[in-house]
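Single-structure report; data block below.
Just so you know, these numbers use all the heavy atoms, side chains as well, and skip hydrogens, waters and symmetry mates. Start at 1 and go down the list; that is how both ligands and their atoms are numbered.
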Amino acid sequence: MALDARTIAGLAEHLETCELQARDTAKITDEHPAMDWDDAYAIQDEILRRKLSRGARLIGLKAGLTSHPKMKQMGVNTPVFGFLVDRFSVPEGAQITVRELIHPKVEPEIAFVLKRALKGPGCHIGAVLAATDFVLPGIEVIDSRYRDFEFDAMSVVADNTSASRFVVGGRAMRPDEVDLRTLGVVMEKNGEVVSLGAGAAVLGHPAVAVAMLANHLGRHGREIPAGSVILSGGVTEAVAVAAGDHINLRVQHLGSVSLRFA
Ligand code: OOG
Ligand code: MG
């Protein structure tokens, strides 16, 4: 750790205030170039602690920057992990008020729901599939608190990996009923196809992202709890949205899920 506890608490407060007030900020490594990975995750943990102390519930976790299209788009080439609280979750077909956000983008994702906890180190694709109750389509709404989505890996980790809102829906299927690698993903904005991909875009198999998450948590003596929803990371580049937009995500065999922006 390069930062002291007060600096970490101050940065967490700053980033969370930006989130709650829909204001952007410069990336925090500009002012704290010595910041390391442990600091970045400690800031994220402190943001979670703040939310839990105000009554939020931890409902899931996310992996991000797990596909080449996403890594290339953001200029960051390491997967990152974040948390999902109840307030981020919106119902199928929900309307999201753009004014409450800074510069939202949407990404098509494969979501996992676990029936058993997963603990690293040594977690692998087989363990993930065995512990998965079902998979389903999800749209993640990301909203980096950093100006123009300009960040590096540590800054984005501190900012809870741009987590903002998400919806899961469609048809839930057991992981042995679908081939998650060849699963086709089609995202439409206002009826036009804006991104296309297949599950394999995420680290060769989206379950690998979940295994990496379990191994990441395992290094800190933590696990992915049973019942968690896990977003495995954008399959394609994220797409900017504005008031009036309608987003529909169709995933092969898993039906579709949609969101509106107003
Ligand atoms: C970071 C979050 C990335 C994903 O699915 O790749 C992410 C960002 O791009 O702002 O959630
Ligand atoms: Mg994402």
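Numbered from 1 in the order shown, with element, the atoms of ligand 1 that lie under 4.0 Å from a heavy atom of G233 read 5 (O). Atoms of ligand 1 lying under 4.0 Å from at least one heavy atom of M74, given by number and element, are 9 (O). Against a heavy-atom cut-off of under 4.0 Å, I142 is close to the following atoms of ligand 1: 8 (C), 9 (O), 10 (O), 11 (O). Close approach of ligand 1 to T161 (heavy-atom distance below 4.0 Å) involves ligand atoms 1 (C), 2 (C). Here is the list of ligand 1 atoms found below 4.0 Å of a heavy atom in F149: 10 (O).
When heavy-atom distances to ligand 1 are checked against a 4.0 Å cut-off, K62 comes that close only through its side chain, counted from C-beta outward. With a 4.0 Å heavy-atom cut-off, ligand 1 is reached by the side chain of V156 but not by its N, CA, C or O.
In this structure, A238 does not count as a contact residue of ligand 1, since none of its heavy atoms falls inside 4.0 Å of the ligand. Judged by the shortest distance from any of its heavy atoms, E109 lies inside the 4.0 Å radius around the atoms of ligand 1.
For the 3.5 Å distance criterion, the side chains of K115 and T132 fail to qualify, holding no donor opposite an acceptor.
Checking only distances, L65 does come within under 3.5 Å of ligand 1, N or O to N or O. The shortest N or O to N or O distance between S162 and ligand 1 is below 3.5 Å. Residue-to-ligand polar distances place G234 within reach of ligand 1: an N/O pair is separated by less than 3.5 Å. Where the criterion is an N or O separation shorter than 3.5 Å, residue side chain and backbone included, S144 fails it with respect to ligand 1.
Remark: of the listed residues V178, L180, L183, V178 is the sole one forming a side chain to side chain contact (heavy atoms under 4.5 Å, CB included) with M173.
Contact of the V168 side chain with the V257 side chain is not registered, since no non-hydrogen atoms from C-beta on lie closer than 4.5 Å. The shortest side-chain heavy-atom distance between R23 and R145 does not fall under the 4.5 Å cut-off. H205 places a side-chain heavy atom less than 4.5 Å from the side chain of V208. Within the 4.5 Å cutoff, no side-chain heavy atoms of F88 are placed close to those of I59. Annotation: side chain of F261 is in contact with side chain of V106 (closest heavy-atom distance under 4.5 Å).
Nearest N/O/S atom of E107 relative to the Mg ion (ligand 2): this is OE2. For E140, the N, O or S atom with the smallest separation from the Mg ion (ligand 2) is OE1. The Mg ion (ligand 2) sits nearest to atom OE2 when only the N, O or S atoms of E109 are considered.
In the displayed structure, R54 atom CZ is contacted under 6.0 Å by more than 12 heavy atoms of other residues, nucleotides or ligands.
Regarding atom 7 (C) of ligand 1, its nearest protein heavy-atom neighbour is E107 OE2, 3.0 Å. At the shortest separation from atom 9 (O) of ligand 1 among protein heavy atoms lies K70 NZ, 2.7 Å.
In this structure, CZ on R250 lies 12.5 Å from CE on M187, to the nearest 0.5 angstrom.
Both the sub-6.0 Å distance and the 45° axial angle are satisfied by K105 relative to the ring of F149.
Between Y41 and H220, the two ring planes are tilted [angle within 30° to 60°].
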